Amino acid sequence: PSELPVKDEL
Amino acid sequence: MNLFRLLGDLAHLASIFILLHKIQTTRSCRGISFKTQALYVLVFLTRYVDLFFHWVSLYNFVMKIFFIASSCYILYLMKYRFRPTHDPSLDTFKIEYLLGPCFVLALIFNYHFELAEVLWAFSIYLEAVAIFPQLFMLQRTGEAEAITTHYLAALGVYRALYIPNWIYRYFTEGVVDPIAVVAGIVQTGLYLDFFYVYFTKVLQGQKFELPA
């Protein structure tokens with residue numbers, strides 16, 4: 001399963 | 001959010017305020033690489049395209065807007081307001097050598113082959129090496145004003161703090177972002193030489209001078 005990393009960093 | 005990340009972001013903010021303070025008080029952008037600053041504008045513009053379609057938090061939103069706006073403002077100050085104080089003959093790093101490889105890397109290593117993801121990966125790679133023209137300039141002149149070194153130190157601290165943040169997130173949330181982590185470690189590594197001189201000289205009250 002290739003889940004995209006959550007982009008919550010700046 | 002964790003303490004490492006918060007302190008990292010605050011160090012990033014601090015670096016920008018230190019740079020603005022340096023330019024305003026000395027009324028000069030001497031010692032600052034225009035190319036590095038221009039690369040940061042490109043970094044923020046390509047990374048934050050998600051402002052238009054991906055809401056994270058108010059904190060995230062405000063910070064993104066601030067980073068874009070302040071980096072553009074710094075570029076304006078250097079390009080127009082204090083233009084005569086910038087010496088292009090010292091700022092000679094060829095940024096094509098950074099842009100090209102970063103773009104190719106982003107095409108190959110991204111999380112999904114679509115415009116926003118490729119731009120995001122590009123911005124991560126470019127941020128990692130965007131400091132090169134600045135460090136190159138420092139190397140050429142062999143010395144720097146104390147305030148310029150404080151700016152660079154804050155920028156280095158920002159990146160360094162993101163590393164414990166990723167370790168912390170790995171253990172508490174189980175998330176890893178390999179692209180950001182690898183690029184972030186490389187980016188932090190680029191500051192090691194600088195940090196050595198900064199801690200052994202500037203923080204001891206001496207002038208920042210590179211060994212001949």
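The structure presented is a predicted model; accordingly, all values stated were derived computationally and were not measured. Lettering follows sequence order; numbering is per chain, from 1.
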> Considering only heavy atoms, which portion of B:Glu117 lies under 4.5 Å from any heavy atom of chain A: side chain, backbone, both, or neither?
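For B:Glu117, the contact with chain A is made by the side chain alone.
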> Measure distances from B:Tyr48 to the heavy atoms of chain A and classify the residue's part below 4.5 Å as side chain, backbone, both or neither.
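Side chain only.
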> Using non-hydrogen atoms and a 4.5 Å limit, figure out which bit of B:His54 sits close to chain A: side chain, backbone, both or neither.
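Interface part for B:His54: side chain.
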> Is there a donor-acceptor contact under 3.5 Å from the side chain of B:Lys201 to the main chain of B:Leu210?
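No, the answer is negative, given that no donor and acceptor are paired below the 3.5 Å cut-off.
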> So, B:Asp177 and B:Tyr170: side-chain donor and acceptor under 3.5 Å apart, yes or no?
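The criterion, which ignores hydrogens and geometry beyond distance, is not satisfied for B:Tyr170 and B:Asp177.
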> Would you mind checking which part of B:Trp166 comes under 4.5 Å of any heavy atom in chain A, side chain (CB onward), backbone (N, CA, C, O), both or neither?
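Only the side chain of B:Trp166 comes within 4.5 Å of chain A.
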> If I take atom CD from residue B:Gln134 and atom CD from residue B:Gln139, how far apart are they, to the nearest 0.5 angstrom?
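With rounding to 0.5 Å, CD (B:Gln134) is 12.0 Å from CD (B:Gln139).
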> Between CG of B:Leu126 and CG of B:Leu105, what distance do you get to the nearest 0.5 Å?
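With rounding to 0.5 Å, CG (B:Leu126) is 11.0 Å from CG (B:Leu105).
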